[in-house]
Peer 1: 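Here it is, the structure, as structure tokens.
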Amino acid sequence: MSETTIRLDGVGKSFGAVRALNSVTLDIAPGECLGLVGHNGAGKSTLMHILAGTLTPSSGTLDVGDRQGIRCVFQELSLCSNLTVAENTRIAHRNLKGWGWRKRASDMIRAKLDEIFPGHGIDSDAEVASLPIGQRQMAEIARAFTVTDQPLRLVILDEPTSSLDAVTARQLLDYVKAETARGTSIILISHLLGEILAASNRVVVMKDGQIVANRPVAQFSRDSLVAAMGSEVHKHASAARTTATSGDVVLQAKPFGGAQEMLAHRGEILGLAGLAGHGQTRMLLQIFSGTDADVKGKLAFIAGDRQSDGVFNLWSIGENITVRSLAALRKSGLIDLAAEQRLAADWKGRMAIRTPDVNNNILTLSGGNQQKALFARALASDASIILMDDPMRGVDFGTKQEVYAMIRAEAEKGRTFIWYTTEFDELTHCDRAIVFRNRAISAVLGRDELSEENVLRASFAENAA
Amino acid sequence: MITRSLIRKALPFLSLAIVLLATFIVQPRTMSYFGLNLMMQYAVPIALATIAQMFVITVNDLDLSIGPFVGLVGCISATLLLDNPALGILALLALMACYGAVGALIHLRNLPSIVVTLGLSFVWLGIAVLILPSPGGKAPEWLKAMMAFKMPIVPLPIIAALVIGIVVHLALMQSSYGVVARGAGGNAKAMARAGWSMLNIKVIMYALAGFFGVLSGLSLLGLTTSADAHVADRYTLFSIAGVILGGGEFIGGRVSPLGAVVGALTLALAGSFLIFLKISPDWQIGAQGAILIIVLALRAAVSFGEARS
């Protein structure tokens with residue numbers, strides 16, 4: 001491993017007055033898995049775009065050799081949804097052309113999917129739009145590892161497991177090990193510190209556009225990583241909130257695939273768990289539309305897929321926050337603009353949305369702050385029941401802690417949260433968890449039974465038996 | 001569900017079959033070589049204009065100038081191309097290059113294609129009126145002969161429409177470059193990240209639209225034998241309707257060349273059908289609109305069911 005694949009020396013990048021990257025020096029050796037962690041806005045994405053060649057550095061030198069061997073899996077999925085999986089493979093490979101290209105593309109992506117995600121169930125001739133988000137992410141990851149004529153040198157994975165369930169995430173991390181053993185370098189960016197610690201050889205911590213730590217993985221622990229990133233480890237108070245499940249029942253709903261009903265009480269934080277795609281999102285949508293559900297109170301929905309279901313791209317941050325509350329902001333038939341501004345400014349402060357002005361376009365915010373605006377939209381409304389569809393996807397650690405605290409505070413005030421999450425850590429913030437399997441309830445776990453083992457057992461019971 | 005997506009794909013063909021059947025029932029004499037030839041003769045220029053529109057829709061834009069453009073091509077071909085073929089061909093090539101340049105302009109300045117092409121439609125019309133202030137000119141003999149050619153058994157317009165549909169289908173839906181073009185409509189950002197030039201793609205797609213617009217103008221002139229600046233004004237809406245009727249969507253790079261050709265045939269046939277029903281020409285546009293709305297409503301219903309299941 002003497003030969004260095006990629007070398008950055010004092011690389012910096014500015015966008016106008018904003019310094020996104022400040023003199024980064026980094027070597028990446030062949031066959032190395034480099035874990036990259038940091039808050040949103042720490043400069044990870046900028047660094048990644050510079051390595052990928054989509055941004056040119058404003059200063060410093062960059063020696064990457066041949067760019068063809070560098071691939072990226074971006075956080076927001078970048079497949080063409082109107083094309084099939086095989087056709088998307090063609091997009092990534094210029095030399096997949098001529099007679100029989102379709103079969104070659106199809107064989108190539110299928111073989112790679114089989115290798116990384118055995119039992120994936122993805123048809124390479126299926127249009128991407130028809131695939132659930134987890135399978136899209138699997139297809140995109142597999143595409144990044146396909147090889148035609150150029151050898152693969154570096155693959156950058158930005159939050160690759162954000163839409164994967166526990167099993168497929170595990171398969172990916174195993175594959176990362178196998179691929180690095182073949183000499184490919186991998187940069188793994190993840191907010192799941194467990195993944196970073198399990199898969200990397202070396203961990204680089206970024207903060208404010210700089211590398212603040214760069215050490216072998218063995219020298220890090222979960223707590224030391226978090227400490228290096230600059231936020232403190234908030235051990236949330238798991239104080240018994242036995243009152244939560246004894247309040248009035250505000251929600252009663254029957255899942256599509258089973259007979260057992262789910263109940264939610266006033267002031268309760270109810271987690272929906274289980275493997276991704278086992279009916280949790282469908283359950284939320286069903287509650288929201290009132291099918292087979294008895295709901296006492298007004299509802300608000302926080303989307304997980306920000307880009308397609310969440311933000312209004314052309315609107316300001318303020319308008320994105322107040323849209324759910326416009327009915328309440330009416331004054332003699334028109335919107336009371338002053339009240340709207342007040343509401344937006346109030347929630348900007350309460351959610352600590354990092355922007356100088358709520359009248360800026362929503363897209364000026366980082367992903368985590370956009371998600372905060374979506375939380376503000378729901379919390380600012382008159383809804384007493386908040387439905388959350390895995391809303392923390394790709395949100396940084398610090399933001400998460402702030403939002404968790406906010407959820408808890410709102411629950412104390414009597415709001416009910418129905419929270420679908422794919423991260424086990426988030427379930428520990430819930431009073432109870434309902435585990436879904438095959439669109440039905442497979443277990444209801446009270447606070448004292450809520451352990452990773454129990455959730456996994458309920459998610460997999462059929463396979464284990 | 002397979003059956004629903006199958007229904008959605010088959011809908012353009014079913015619509016054509018239904019309109020054709022209805023025409024045969026209302027006027028049985030159309031069920032002949034001569035009848036079909038007469039009814040379908042304008043299908044070729046409409047199909048070509050529809051294909052031109054489809055290339056622009058593939059990259060999420062809309063061309064509101066294709067009708068006047070087809071008219072302008074007719075005017076140039078009935079005068080310049082007739083008198084001085086070399087200069088005429090040069091003029092037509094320059095028009096295609098103009099289309100490509102418009103694509104570049106729209107991409108580079110990030111302009112809304114609707115506004116740019118709406119403005120252009122008046123430019124095309126203006127030039128056409130300058131060239132031919134009143135209807136006139138004469139189609140070159142070879143063009144007339146080509147459009148009047150009698151195929152054995154199956155009338156020429158049907159064969160020609162099929163060939164156009166299949167050729168474009170192979171190029172856009174099957175070839176590896178067609179995938180790149182459709183990908184640009186699906187996710188432009190992802191294409192740029194994968195190293196494809198969006199500028200090149202847009203220029204090529206617009207130039208192809210210009211190419212098929214020229215073919216449409218030539219074939220129309222071959223049928224009408226003399227030119228008129230306003231002859232194809234309705235083609236703008238026909239072409240958009242044809243693409244959508246054929247299963248295409250305004251955004252997202254979802255198009256179907258075979259469907260677009262079938263959509264164009266359906267619209268051409270619907271015109272004849274309404275004449276046979278003795279509906280006054282004043283009501284025909286409205287009636288065609290009604291047919292369009294019915295088909296789109298059916299498609300929406302099928303797609304809605306698809307999304308739910």
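Throughout, a chain's letter reflects where its sequence line sits, starting with A, and its residues are numbered from 1. Computed from heavy atoms alone, side chains included, the values below leave out hydrogens, waters and symmetry copies.
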Peer 1: Sort A:L83 into side chain, backbone, both or neither according to what part of it lies under 4.5 angstrom from a heavy atom of chain B.
Peer 2: side chain

Peer 1: Nearest 0.5 angstrom please: B:S176 OG to A:H93 NE2, how far?
Peer 2: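 Going from OG on B:S176 over to NE2 on A:H93, the span is 13.0 Å.
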
Peer 1: Strictly distance-based, threshold 3.5 Å: is any side-chain N or O of A:R94 a donor or acceptor partner for the main-chain N or O of B:G195?
Peer 2: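 Yes, because the side chain of A:R94 sits within donor-acceptor range (under 3.5 Å) of the backbone of B:G195.
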
Peer 1: What do you reckon, is CG of B:L108 surrounded by more than 12 foreign heavy atoms closer than 6.0 Å?
Peer 2: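 Counting other residues, nucleotides and ligands, CG of B:L108 exceeds 12 neighbours.
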
Peer 1: Looking only at heavy atoms, which of residues 53-69 of chain B get nearer than 4.5 Å to chain A?
Peer 2: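 Within residues 53-69 of chain B, no residue comes under 4.5 Å from chain A.
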
Peer 1: Does any backbone or side-chain atom of B:Q174 lie under 4.5 Å from a heavy atom of chain A? Answer side chain, backbone, both or neither.
Peer 2: both

Peer 1: Would you name the heavy atoms of B:R254 and A:A129 that are closest together and state the gap between them?
Peer 2: NH2-CB, 3.2 Å

Peer 1: Between A:L79 and B:N187, does the side-chain contact (heavy atoms from CB on, under 4.5 Å) criterion hold? Intermediate values first, please.
Peer 2: CA-CA 7 Å; A:L79 295 175; B:N187 189 343; 5.9 Å; no

Peer 1: Using every non-hydrogen atom in the two residues, find where B:G183 and A:C80 come nearest and quote the distance to one decimal.
Peer 2: O-SG, 3.4 Å

Peer 1: Does the pair B:E249 and A:N82 meet the rule for a side-chain contact (heavy atoms from CB on, under 4.5 Å), with working shown?
Peer 2: CA-CA 11 Å; B:E249 278 166 32; A:N82 61 328; over 6 Å; no

Peer 1: Mind listing the closest non-hydrogen atom pair of B:V179 and A:E87 along with its distance?
Peer 2: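 Taking every non-hydrogen atom into account, CG1-O, 3.5 Å.
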
Peer 1: Does B:F122 CZ have over 12 foreign heavy atoms under 6.0 Å away?
Peer 2: no

Peer 1: If you tally heavy-atom pairs under 4.5 Å against chain A, which of B:A184, B:G253, B:A194 wins?
Peer 2: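 The residue among B:A184, B:G253, B:A194 with the greatest pair count is B:G253.
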
Peer 1: Work out which heavy atom in B:W196 is nearest to a heavy atom in A:I91; give both atom names and the distance.
Peer 2: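 Distance-wise, the nearest heavy atoms are NE1-O, 2.8 Å.
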
Peer 1: Report yes if the side chains of B:K189 and A:F74 come closer than 4.5 Å at any heavy-atom pair, otherwise no.
Peer 2: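 Side-chain contact under 4.5 Å: no.
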
